[in-house]
Amino acid sequence: DKKTFAKQEDFLLVTSFYPMYILAQNVTEGIESVSVSNLTQNQTGCLHDYQLTAKDMKLLSKADAFLINGAGMELFIDKVISQKADLPIIEASNGIELLEGIEHHHEQEEHEQEEHIHIENGHVWMDMERYQAQISTVVEELKQLLPEEVEQLDKAATEYQAKVQVLLEETYELKQQMSGVPVIIFHEAFAYLAEVLDMEVIAVLSLDEETIPSAGEIAEVIEEINYHGSALIFIEEEYASHADKIVAETLAEVIYLDPLVTGTGEKESYLTGMEQNLQKIKENLVK
């Protein structure tokens, strides 16, 4: 039996990381009894190796619900479940079909390598349709926990869904021009955007603070692009130097995109960030 909350009580919704924090702010807009707090810093980014701190556990001990992305993004979730068995956990990606991910090799896992056959790509918010599904899932779960706020939750969700829909319509228009265009992605998150635009992903290079592509991988990508004649490269601006060698030896063009995993916390930041991503792709078409 789920605990329900009366209006006068404050309901603390803790989110696992930035994309969930922005989603939560939008769907609880106008509900004064709900406060939203982000567990990880707004600049943490993806959570591949995130270790829970004592401060995190303290925040979770005050939480009335914990909103996670799921789909393998929060590897620490088992620890939360074992220590806070009664905490309602809302998994935004529940039931959403995921793209296949790339294996992240971490030193301490060498002996476990064999087990990591199927890796999921959890960056579902980068596809606006899947993001809309996440919004719906989160709102339905919150309505169970906040029966007094059903009307307001529906209102806030409907408004947010409509704004995301505008972006989606924009991608449908863009898709007509991007369909079949070869693309190399330097962040798994961009696989979802490439899929929405019906592009042909010819190579995926995993890039983060610890991982840089090897000379062999770069050489393979160069060969692949030359085989296709040309290609686009989707990469975060901070890793631009990794694309330089490829651009120097091919007809590839670089588009700097944002995986929307960090930001300043404004509730519009998903919408503005995704809009900027779409604009950058459009600008490249005009060239």
Side-chain angles (χ1 to χ4, degrees), residues 12-26 36-63 65-84 87-94 96 98-109 112 115-116 118-127 130-131 133-135 137-138 141 185-193 204-212 235-236 238-239 257-265 269-270 273-274:
L12 174 60
L13 177 60
V14 174
T15 57
S16 57
F17 73 134
Y18 195 74
M20 294 301 103
Y21 177 59
I22 298 304
L23 189 160
Q25 282 192 72
N26 282 281
V36 180
S37 192
N38 194 21
L39 188 73
T40 54
Q41 299 301 313
N42 287 353
Q43 303 301 331
T44 299
C46 289
L47 301 171
H48 300 298
D49 289 318
Y50 190 79
Q51 301 289 326
L52 287 171
T53 64
K55 191 176 157 209
D56 292 340
M57 291 312 288
K58 196 175 169 188
L59 178 62
L60 285 170
S61 70
K62 296 178 195 157
F66 185 32
L67 168 57
I68 65 169
N69 181 77
M73 291 300 278
E74 295 89 353
L75 295 173
F76 55 73
I77 196 63
D78 291 344
K79 184 179 176 186
V80 175
I81 293 166
S82 68
Q83 295 195 16
K84 304 237 6 91
L87 177 65
I89 292 173
I90 300 172
E91 190 177 337
S93 301
N94 200 8
I96 293 175
L98 305 172
L99 294 178
E100 191 114 355
I102 331 169
E103 191 163 333
H104 289 265
H105 291 277
H106 299 303
E107 294 309 309
Q108 72 273 22
E109 289 177 16
E112 296 175 23
E115 298 162 38
H116 292 266
H118 177 68
I119 304 279
E120 296 160 335
N121 180 345
H123 306 78
V124 290
W125 60 89
M126 290 299 285
D127 166 0
R130 285 178 169 98
Y131 186 56
Q134 285 190 312
I135 295 166
T137 297
V138 172
E141 294 271 334
I185 55 175
F186 273 85
H187 191 303
E188 275 186 319
F190 303 145
Y192 282 99
L193 195 51
V204 182
L205 292 169
S206 179
L207 206 55
D208 55 39
E209 295 77 32
E210 297 106 40
T211 324
I212 57 164
I235 190 169
E236 288 175 89
E238 62 191 284
Y239 299 121
L257 298 178
D258 182 354
L260 309 177
V261 290
T262 59
T264 49
S269 69
Y270 174 86
M274 189 57 88

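Note that the numbering runs from 1 along the sequence shown for the chain. Here the structure is a predicted model, which is why all the values come from computation and not from measurement.
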Nearest 0.5 angstrom please: [X] [atom1] to [Y] [atom2], how far?
{"X": "Met274", "Y": "Met126", "atom1": "CE", "atom2": "CE", "answer": "4.5 Å"}
{"X": "Leu75", "Y": "Leu47", "atom1": "CG", "atom2": "CG", "answer": "8.5 Å"}
{"X": "Tyr131", "Y": "His123", "atom1": "OH", "atom2": "NE2", "answer": "15.0 Å"}
{"X": "Leu260", "Y": "Ile22", "atom1": "CG", "atom2": "CD1", "answer": "9.5 Å"}
{"X": "Ser16", "Y": "Ile77", "atom1": "OG", "atom2": "CD1", "answer": "7.5 Å"}

[X] and [Y]: side-chain donor and acceptor closer than 3.5 Å?
{"X": "Thr137", "Y": "Asn94", "value": "no"}
{"X": "Tyr21", "Y": "Thr40", "value": "no"}
{"X": "Asn69", "Y": "Gln134", "value": "yes"}

Is [Y] close to [X] at the side-chain level, that is, under 4.5 Å between some pair of heavy atoms?
{"X": "Pro88", "Y": "Phe66", "answer": "no"}
{"X": "Glu120", "Y": "Glu100", "answer": "no"}
{"X": "Met20", "Y": "Val14", "answer": "no"}
{"X": "Ile68", "Y": "Val80", "answer": "no"}
{"X": "Leu257", "Y": "Leu193", "answer": "yes"}
{"X": "Glu236", "Y": "Phe190", "answer": "yes"}
{"X": "Tyr270", "Y": "Pro19", "answer": "no"}
{"X": "His187", "Y": "Ile235", "answer": "no"}

Just do the side-chain contact (heavy atoms from CB on, under 4.5 Å) check on Leu12 and Leu59 with the steps written out, would you?
CA-CA 10 Å; Leu12 174 60; Leu59 178 62; 4.1 Å; yes
Quick one: closest heavy-atom pair of [X] and [Y], and the distance?
{"X": "Leu60", "Y": "Lys84", "result": "O-CE, 3.2 Å"}
{"X": "Ala71", "Y": "Leu98", "result": "CB-CD1, 3.6 Å"}
{"X": "Ile96", "Y": "Ala133", "result": "CD1-CB, 3.8 Å"}

Non-neighbouring partners of Thr264 that pass side-chain hydrogen bond (donor to acceptor under 3.5 Å, both in side chains), sequence neighbours left out
Glu266
The side-chain hydrogen bond (donor to acceptor under 3.5 Å, both in side chains) partners of Thr53 (sequence neighbours excluded) come to Asp56
Does the Tyr18 side chain pair with the main chain of Gly265, one donor and one acceptor, at a distance under 3.5 Å?
yes
Say whether, by atom type as modelled, one donor and one acceptor occur between the side chain of Tyr192 and the main chain of Asn121 under 3.5 angstrom.
yes
With a 6.0 Å cut-off on ring centres, are Trp125 and Phe17 close enough?
yes
For a side-chain contact (heavy atoms from CB on, under 4.5 Å) with Glu141, tell me which candidate from Leu67, Ile89, Ile90 qualifies.
Ile90
Stepwise side-chain contact (heavy atoms from CB on, under 4.5 Å) test for Ile212 and Tyr239
CA-CA 9 Å; Ile212 57 164; Tyr239 299 121; over 6 Å; no
Can you check side-chain contact (heavy atoms from CB on, under 4.5 Å) on Thr15 and Ser37, steps first, answer last?
CA-CA 6 Å; Thr15 57; Ser37 192; over 6 Å; no
Begin with the C-alpha distance, continue with both residues' side-chain angles, and end with the deciding distance and a verdict on side-chain contact (heavy atoms from CB on, under 4.5 Å) for Leu99 and Val124.
CA-CA 8 Å; Leu99 294 178; Val124 290; over 6 Å; no
